[in-house]
Engineer: 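Next up is a structure, given as structure tokens.
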Protein chains: 2
Amino acid sequence: MTIEDRREREKRELHELILKTAAEMFRKHGYEKTSMRAIAQAIDYSPGTIYRYFKDKDELMFAISVNGFRIFYQYLSVVRHIDNPMERLQVLGRQYIRFAIDHPAYYDLMFIMPDPIKGIGEGEHWEDGHRSHTVLVDVIKECMQEGHFKGHDPIDLSLMIWGQVHGILALYLRHRMEMYTDKKHEVLLNDALEAFNSIIRNS
Amino acid sequence: MTIEDRREREKRELHELILKTAAEMFRKHGYEKTSMRAIAQAIDYSPGTIYRYFKDKDELMFAISVNGFRIFYQYLSVVRHIDNPMERLQVLGRQYIRFAIDHPAYYDLMFIMPDPIKGIGEGEHWEDGHRSHTVLVDVIKECMQEGHFKGHDPIDLSLMIWGQVHGILALYLRHRMEMYTDKKHEVLLNDALEAFNSIIRNS
DNA sequence: TGCAAAAATGAACAGCGTTCACTAAATTTT
DNA sequence: AAAATTTAGTGAACGCTGTTCATTTTTGCA
């Protein structure tokens with residue numbers, strides 16, 4: 001028994017070593033530079049070994065994104081102590097942006113990069129992904145209970161609001177804001193969100 | 001003279017043949033499948049030849065995106081005949097989404113893909129890009145002259161509104177809407193936009 | 001017709017993700 | 001303890017990518 005336990009532990013450890021190393025390289029140097037060969041070299045294994053632990057690069061990247069969603073969910077969780085739902089919604093947006101700016105590589109992988117087709121919306125992993133979305137929908141519903149967003153569907157609203165914060169972030173992270181030269185882009189980002197916030201506050 | 005004219009004409013023609021072929025392949029099969037070799041093969045030239053007409057793949061893709069922006073601008077131009085600025089703004093959003101759904105490969109290249117760093121915001125090309133953005137900013141300013149969006153900066157608003165439509169489209173095109181299973185995504189897209197429209201209508 | 005300039009070529013380079021026959025190590029069986 | 005079996009790790013090789021460049025072919029002119 002104890003011998004089999006050790007084997008499984010070793011497997012888990014190597015699995016995690018690959019994952020952590022890949023995540024770190026990815027965070028530091030981005031997707032392109034993080035090649036399977038480079039990861040293998042970083043942990044002193046041959047490239048083929050990685051494929052005993054991850055089916056392909058997509059699966060590895062998906063596993064990394066699960067890490068990302070864990071951190072993401074922590075960022076969103078700071079709104080829990082805010083009682084007023086409308087204020088909670090606004091802080092949620094700010095925290096969303098903060099995460100993306102603090103962890104741009106993760107955000108890109110999680111929300112912008114070509115999807116790995118894999119079971120992205122299923123299984124025990126992705127918990128934090130679903131949870132995060134639920135946080136948004138729930139706070140919207142609470143806002144509606146207080147009389148906001150009258151006549152709208154909370155699902156439509158959730159995509160609208162998610163799309164709003166994602167949109168300005170996606171433009172920012174993919175350098176599509178070059179025509180905005182008046183302010184620092186990070187400032188503009190927040191100003192655009194605050195404009196949105198102040199508009200929905202009275203809705 | 002006439003002989004040199006012909007030579008230049010031939011050069012322009014091959015330039016355009018490469019461009020059109022690449023654009024078509026790109027539109028049909030996407031970025032990944034459109035390799036330099038595949039383009040060369042499609043026009044019965046060797047791979048090296050393309051590099052006499054385009055510095056690298058980035059430059060070729062940029063040239064294709066210029067085509068995309070020309071079409072894009074045409075989509076946006078249908079709002080010209082709408083007098084009421086607020087209504088014009090809303091139709092602008094709908095046309096924006098229509099373009100993205102009609103030409104997803106172009107939209108991806110223009111607004112989502114990793115930027116080619118190149119002079120994306122400069123030079124004689126990109127005219128339609130700047131023009132399109134000006135259309136948005138102008139209509140916002142007109143809305144403000146009619147008393148809308150009081151107390152806001154038109155630049156902030158332009159990023160907010162652009163970000164709104166871009167956001168839901170980017171989530172849609174990159175398949176990040178899997179948790180929305182109630183409606184067809186294209187319908188949800190429009191519903192989210194209409195929710196946004198109805199909210200800003202009273203602002 | 002001969003010659004210089006321009007254009008087109010395609011092999012070669014360095015990289016990528018991925019596979020798989022093979023070696024080496026660890027574990028179980030005899 | 002030795003042999004057999006299972007497992008882990010290897011790294012060369014496959015087919016692909018964008019790109020370069022010495023070489024060949026084509027072109028235009030004297």
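Each chain gets a letter, A, B and so on, in the order the sequences are listed, and its residues count up from 1. Since the structure is predicted, the reported quantities are computational estimates derived from the model, not experimental observations.
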Engineer: Can you pull out every side-chain hydrogen bond (donor to acceptor under 3.5 Å, both in side chains) where at least one residue sits in residues 151-163 of chain B? Sequence neighbours excluded, please.
Structural biologist: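 Matches after skipping sequence neighbours: A:Tyr180-B:Ser158, A:Lys183-B:Asp156, A:Ser198-B:His152, B:Tyr96-B:Trp162.
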
Engineer: Strictly under 3.5 Å: I want the nitrogen or oxygen pairs between protein and nucleotides 21-24 of chain C, one per line.
Structural biologist:
none

Engineer: What orientation do B:His166 and A:His166 show, parallel under 30°, tilted 30 to 60°, or perpendicular over 60°?
Structural biologist: parallel

Engineer: Does the salt bridge (charged side-chain N to carboxylate O under 4.0 Å, His left out) test come out yes or no for B:Lys141 and B:Asp138, once each step is laid out?
Structural biologist: CA-CA 5 Å; B:Lys141 282 178 179 164; B:Asp138 285 352; 5.0 Å; no

Engineer: Output all residues satisfying salt bridge (charged side-chain N to carboxylate O under 4.0 Å, His left out) with B:Glu87, sequence neighbours left out; order by chain, then residue number.
Structural biologist: none

Engineer: Is it the case that atom CD in A:Glu24 sees more than 12 heavy atoms from other parts of the structure closer than 6.0 Å?
Structural biologist: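 Enclosed: over 12 neighbouring heavy atoms sit under 6.0 Å from CD of A:Glu24.
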
Engineer: Please identify which of these residues, B:Phe62, B:Tyr106, B:Phe111, meets the ring pair (Phe, Tyr, Trp, His ring centres under 6.0 Å) condition with B:Phe69.
Structural biologist: B:Phe111

Engineer: Which part of the nucleic acid, if any, lies within reach of B:Tyr53 when heavy atoms closer than 4.0 Å are counted: base, sugar-phosphate only, or nothing?
Structural biologist: sugar-phosphate

Engineer: With sequence neighbours left out, what residues match A:Asp102 under side chain to side chain donor-acceptor pair (under 3.5 Å)?
Structural biologist: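 Residues passing side chain to side chain donor-acceptor pair (under 3.5 Å) with A:Asp102: A:Tyr75.
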
Engineer: For a quick check of understanding: with a heavy-atom distance under 4.0 Å over all strands, which category does A:Leu14 fall into, base, sugar-phosphate or nothing?
Structural biologist: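 Since only primed, P, OP1 and OP2 atoms lie under 4.0 Å of A:Leu14, the category is sugar-phosphate.
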
Engineer: Taking only nitrogen or oxygen atoms into account, show me every contact under 3.5 Å that the protein makes with nucleotides 22-25 of chain D, one pair per line with its distance.
Structural biologist:
none

Engineer: Answer yes if the ring centres of B:His103 and B:Tyr107 are under 6.0 angstrom apart, and no otherwise.
Structural biologist: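 No, they do not, as the ring centres are separated by 6.0 Å or more.
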
Engineer: With rounding to the nearest 0.5 angstrom, report the CD1 to CG distance, A:Ile200 to A:Leu157.
Structural biologist: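 So the gap between those two atoms works out to 9.0 Å.
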
Engineer: Can you tell me the distance, in whole Å, between the NE2 atom of A:His15 and the C1' atom of D:dG9?
Structural biologist: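 In whole Å, D:dG9 C1' lies 17 Å from A:His15 NE2.
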
Engineer: What are the two closest heavy atoms between A:Arg201 and A:Met86, and how far apart are they?
Structural biologist: CA-CE, 3.9 Å

Engineer: Using atom CD1 of B:Ile43 as one end and atom C1' of C:dA8 as the other, report the distance to the nearest whole Å.
Structural biologist: 11 Å

Engineer: If a protein heavy atom is under 4.0 Å from the base, mark B; if only from the sugar-phosphate, S; if neither, -; do that for nucleotides 9-19 of chain C going 5' to 3'.
Structural biologist: BB-B---BBBB

